There are 2 protein chains.
Amino acid sequence: MVNPTTMKEIARQLGVTVSTVSRALQNHPSIGLRTRERVHELAKRLDYVPNPTAINLKRRRTHNIGVVLPFLTEQFFSTAISAIEDVAISKGYSVVVMQSRNDYERERLVVGNLVKHGVDGIIVSLASETQNNSHFLEVNKHGIPIVFFDRVARNLPNSCVYVDVTAGAIEAVEFLLSLGLSRIALLNGPGTLQATDERLKGYVTVMNRHGIPINRAYVRSVNLSKEDTAKKMGELLDLPEPPQAVLAFNDYVALDAMQVCRQRGLAINQDIYFGSFSNLPFCSYLEHPPIASIEQFPHEMGTKAIQLLIAGIENPEHFTREEVVIPHKLIVRQ
Amino acid sequence: MVNPTTMKEIARQLGVTVSTVSRALQNHPSIGLRTRERVHELAKRLDYVPNPTAINLKRRRTHNIGVVLPFLTEQFFSTAISAIEDVAISKGYSVVVMQSRNDYERERLVVGNLVKHGVDGIIVSLASETQNNSHFLEVNKHGIPIVFFDRVARNLPNSCVYVDVTAGAIEAVEFLLSLGLSRIALLNGPGTLQATDERLKGYVTVMNRHGIPINRAYVRSVNLSKEDTAKKMGELLDLPEPPQAVLAFNDYVALDAMQVCRQRGLAINQDIYFGSFSNLPFCSYLEHPPIASIEQFPHEMGTKAIQLLIAGIENPEHFTREEVVIPHKLIVRQ
DNA sequence: AAAAACTACGCAACCGATTGTGTAGCGTTA
DNA sequence: TAACGCTACACAATCGGTTGCGTAGTTTTT
């Protein structure tokens, strides 16, 4: 069953040395034509597959790239990974995935695993609970390049790829205002996420710009769980003057919030409007989707992230920190 | 920047041999307490991380598991991977993902990559276009265990995990009939997929059971692309006597087909009903979801698949082919 | 006090490749 | 024909660990 065909075996059967076999398989010019042919032939007959581990040991490279993100099941991330995997394969790398589940401890753990595992580089989208970046400093100390995407840590010396969420939030809020909706709530993400601050900043900017006083009760944080979103949305609706529109942290939050609205008999895009981030593909199947969503192009983000990472892996000497801002786009639905 | 601290370096600084360092780090009893402590101390000071590649080479194990499936972006698969990754981590393995994009050639390629990569085992959900399994025989020849899940190849000597789709189809069709709908169409998958046959078998079984003649025009195959689904659904609606209900290959097909219906002014769950497979979570956000869906429990499938695989990796001598049938469940909505 | 038994390491082979260098054997050149 | 140069391999170190076995030096046993 097992097939431990090694160069040594081929060498033994042919009465030559391992180095000859190695060179023959690489078509090294210093090996005679006859010998080369015999080696290739026998290798094929014995189903020889070079041992990648041995080669990695010699080359001090594994051609493995680790990817750490909150949830594989969120389409935003699976789309990004899909793009990452695509580029990786085309460049001869493999992708090792680990999910943090938005849990700081688990993020530490899996990042450590990747280092122990011996990846050549790591791509990370931060867990929402992460407030401490020491585990990444650790990775840097080992000379393993990191690239952050979407949920980035801009205070670290690593490259990152993200969209200008503040600008996106500004566009989204402006759009909602342009519909004549002035009572706009913000169902924001957890305070640990930079993306949360940025959305808030955009929101505040627009409100100020239009001289609309900010209603503190309209601004709420959710921990991204369905339950918390439902609770916070309920609180918004219970307000004496409930919002006419809600800008949600992302489509998942929007959907969960919209469900609460429907349960209370509110008609989406009529009694209440939603704006959100991500523009997830399945929203196109909804009869009443969020009226506007900021597309963040996860495919492009993933692609850019791995390109930066591979560049960093293959040219460590020319490494320079880069911040790539992927253009976002306001998608208005029907 | 780079940190190539090796045992050799530790040994040199401490004036002992590498074997002593190795044993000290493993807390081998034959190493004196004093020496052991000094080694541990220095190792920590130098940020020593054992080189996994070297260890893998010695142990002839990489603790890597390859997973090949059509699309990471389909929630059914990302849920399965998520479960796989979870178990993998808890057992000390890492997951390398590759998507086949339902393309036979790409499947061959990535399976080959995984072998070259040196994974300890592979989990596969077949590409819809795959009609030839020689690439898996190749893998078997190298003694690398494989476990198939969901889209399985039952003619190979490998274990597999799947749901009884035929039984699911039977339940779904029976349910549609119980609603008084007798003109039921089947928007099936590609003929290369075993799952397609099984759905057909279930469909035929119920129709025969109820003495309903099978209308050949009601049974169509789609290649799972949105366009093809739209085309075939359109053809169904153009029939002189269009179906009252459609059993779709999965939720994606159902959604694409439903969209065509809506565009033609048909009300879902009123003018036409849909049954499908997968019960994707986001269907719960739809106002008019497919009335019934067969839940296939991707999380359980993934979990079972990797358990079988790891068992096969760790006890190759007791390997026995297993076919695990995960119980499905008919979900009726609202 | 000599033999036996430990203790605490060192030595060296090994995992499966890659690669720099050394060298027979043969044909060329002068 | 002796010196020289090629061709086509072999030898051996190396990547970074693991592990069986051997053995000084010390302690325990008789």
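Not measured: the values here are computed from a predicted model. Convention: sequence-line order gives letters A, B, ...; per-chain numbering from 1.
Going from atom CD1 of B:Ile10 over to atom P of D:dT18 covers 11 Å, rounded to whole Å. A straight line from CG of A:Asn56 to C1' of D:dC15 spans 11 Å, rounded to a whole angstrom. We find that CD of B:Glu9 is positioned 12 Å from P of D:dC15, with the value rounded to whole Å. Distance B:Ile55 CD1 to D:dG17 C1': 7 Å, rounded to the nearest Å. Separating the CD atom of A:Glu37 from the C1' atom of D:dA8 is a distance of 15 Å, rounded to the nearest angstrom. Atom-to-atom, CG of B:Leu33 to P of C:dT7 comes out at 14 Å; the value is rounded to the nearest Å. The distance from atom CZ of B:Arg36 to atom C1' of C:dT7 is 12 Å, rounded to the nearest whole Å.
The 5' end of DNA chain C is approached more closely, in terms of each residue's nearest nucleotide, by B:Thr35 than by the other of B:Thr35 and B:Leu57. Position along DNA chain C of the nearest nucleotide to B:Arg34 versus B:Ala54 favours B:Arg34 as the more 5'-ward residue.
Between the side chain of A:Lys58 and the base of C:dT19, no donor-acceptor pair under 3.5 Å is found.
For B:Ile31, whose side chain is taken as the heavy atoms from C-beta onward, the closest listed nucleotide among C:dT18, C:dC9, C:dC15 is C:dC9.
Within 4.0 Å (heavy atoms only), B:Thr53 reaches no atom of the nucleic acid at all. Within the nucleic acid shown, B:Thr6 comes within 4.0 Å of sugar-phosphate atoms alone, with no base atom in reach, counting heavy atoms only.
Put simply, B:Arg60 has a side-chain N or O that comes within less than 4.0 Å of OP1 or OP2 on C:dG16. Between A:Lys8 and C:dC14 there is no side-chain N or O to OP1 or OP2 distance below 4.0 Å.
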- Task: Report the C-alpha separation of A:Tyr93 and B:His117 in whole Å, then their side-chain angles, then the decisive distance to 0.1 Å, and conclude whether the ring-ring contact (aromatic ring centres under 6.0 Å, His included) test is met.
- Result: CA-CA 9 Å; A:Tyr93 288 81; B:His117 181 103; over 10 Å; no
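Aromatic pair B:His299/B:Phe76: ring centres not closer than 6.0 Å. Note: A:His142 and B:Tyr48 fail the aromatic proximity criterion, with ring centroids not under 6.0 Å apart. The aromatic ring centroids of B:Phe136 and B:Phe148 lie less than 6.0 Å from each other.
Contact check of residues 14-29 of chain B against DNA chain C (heavy atom, cut-off under 4.0 Å) returns B:Gly15, B:Val16, B:Thr17, B:Ser19, B:Thr20, B:Arg23.
Here the options are B:Arg108, B:Arg106, B:Glu107, the test is side-chain hydrogen bond (donor to acceptor under 3.5 Å, both in side chains), and the partner is B:Tyr104; only B:Arg108 passes. Exactly one residue among A:Asn56, A:Asp120, A:Ile55 makes a side-chain contact (heavy atoms from CB on, under 4.5 Å) with A:Arg61. That residue is A:Asp120.
Between A:Thr17 and A:Thr20, the side chains place a donor N or O and an acceptor N or O closer than 3.5 Å (distance only, hydrogens not considered).
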